[in-house]
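Here's the structure we're looking at; comments come further down.
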Amino acid sequence: DLVQKAESQLDSAKWDKERAENRAAKAEAELAELKAKLKAKLEGEGLFDPARKRSLPAMPRRIGIVTSEAGAVIHDMCTVLTRRFPNLEIRLFPAQVQGADAPKTIIAGIEYFNREDSDFKPDVLIVARGGGSFEDLFCFNDEALVRAVAASKVPTISAVGHEWDYTLCDFAADVRAGTPSIAGEL
């Protein structure tokens, strides 16, 4: 009978959806556990110690930003920053801010702004990305990236996600901004 066949297919689709949701929840729980373990390790090494944090200059002249060149984040940040500091020089280091290669490109940006021979020496460095899912933002929990943020010679702001999102880069940075636009107000 056609109705029974349709009901059977609907039940099967519901079951497939339930299994997919369970797999996604399990994957997120595994990532959260990895993040917690790495946080404890880095905390134990003193990377998140408030005593190592530097304050930001009151009137920065140059700001380096590591983020994607696409999207609203860089536009919003430049708008806020230049409204506050009309003579501010801003330099973008374009980076991937999601996915497996993101940590490498963000680290390259941090290293660029920290090089002694850099043609642009910022007073402040901002590592930024707009909002996204836990998985989208997970690259900001990469151990090498967190260590690069902590090692930056330039006072660094982590401005990743929304106000309720916390990544390990937030703990390693000198200052955490709840959003990229808030970073421009600090």
Side-chain angles (χ1 to χ4, degrees), residues 17 20-40 42-43 47-48 50 53 56 60 63-85 88 90-113 122 124-150 152 154-186:
K17 180 182 178 216
E21 287 171 351
N22 287 340
R23 280 194 306 268
K26 183 178 178 187
E28 187 169 323
E30 288 170 1
L31 289 176
E33 185 178 340
L34 286 173
K35 178 183 173 185
K37 286 179 180 176
L38 181 57
K39 182 180 182 200
L42 298 177
E43 214 163 28
L47 254 65
F48 307 150
K53 310 240 181 217
L56 303 176
I63 294 184
I65 300 175
V66 181
T67 192
S68 173
E69 61 189 333
V73 168
I74 188 62
H75 176 266
D76 292 350
M77 290 179 68
C78 288
T79 299
V80 171
L81 287 165
T82 55
R83 186 175 59 235
R84 287 191 67 212
F85 308 108
L88 183 67
I90 300 171
R91 171 124 355 137
L92 167 68
F93 187 96
Q96 292 179 344
V97 292
Q98 182 175 327
D101 291 332
K104 287 186 279 187
T105 66
I106 298 165
I107 291 168
I110 293 167
E111 290 173 346
Y112 167 78
F113 287 120
V124 175
L125 174 60
I126 302 173
V127 175
R129 188 216 193 276
S133 70
F134 180 78
E135 292 85 2
D136 292 344
L137 304 179
F138 199 78
C139 63
F140 291 92
N141 297 311
D142 176 84
E143 183 172 357
L145 175 54
V146 175
R147 289 184 184 281
V149 168
S152 177
V154 179
T156 302
I157 300 171
S158 176
V160 177
H162 298 294
E163 291 197 45
W164 55 83
D165 297 314
Y166 280 86
T167 69
L168 297 183
C169 282
D170 293 333
F171 296 105
D174 295 298
V175 175
R176 176 194 180 264
T179 68
S181 294
I182 290 172
E185 298 289 347
L186 297 176

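Side chains are part of it too, since the values below use all heavy atoms of this structure and drop only hydrogens, waters and symmetry mates. Being a predicted model, the structure only gives us computed values, none of them experimental.
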Return yes if some donor-acceptor pair links the side-chain N/O of [X] with the main-chain N/O of [Y] below 3.5 Å, else return no.
X	Y	answer
Thr105	Ala102	yes
Arg84	Gly184	yes
Asp142	Cys139	no

Going from [atom1] on [X] to [atom2] on [Y], what distance comes out if it is rounded to the nearest 0.5 angstrom?
X	Y	atom1	atom2	result
Ile106	Asp101	CD1	CG	10.5 Å
Leu42	Phe171	CG	CZ	11.0 Å
Arg176	Ile182	CZ	CD1	8.0 Å
Ile90	Thr82	CD1	OG1	5.5 Å
His162	Leu137	NE2	CG	8.0 Å

**OP:** Anything under 30° is parallel, anything over 60° is perpendicular, the rest tilted; go ahead and classify Phe93 against Phe113.
**Re:**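 Phe93 and Phe113: perpendicular rings.
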Below 4.5 Å, heavy atoms only, C-beta onward: do [X] and [Y] meet side chain to side chain?
X	Y	result
Lys39	Tyr166	no
Pro180	Asp76	no
Val175	Lys53	no
Phe140	Val97	yes
Ile110	Leu145	yes
Val73	Arg129	no

**OP:** Compare every heavy atom of Ser152 with every heavy atom of Val154, then report the nearest pair and how far apart it is.
**Re:**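 Where Val154 meets Ser152 most closely, the heavy atoms are O-OG, 2.8 Å.
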Original post:
Considering all heavy atoms of both residues, which atom of Leu56 and which atom of Pro155 are nearest to each other, and what is their separation?
Top reply: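 Looking at all heavy atoms of both residues, the shortest contact is CD2-CB, 4.0 Å.
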Original post:
NE2 of His75: more than 12 outside heavy atoms within 6.0 angstrom?
Top reply: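 12 or below, so no.
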**OP:** Taking atom CD of Glu185 as the centre, report whether more than 12 heavy atoms of other residues, nucleotides or ligands fall under 6.0 Å from it.
**Re:**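 It does: Glu185 CD has more than 12 such atoms within range.
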**OP:** Have a look at Thr156 and tell me which of Val66, Ile126, Leu125 forms a side chain to side chain contact (heavy atoms under 4.5 Å, CB included) with it.
**Re:**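 Exactly one pass, corresponding to Leu125.
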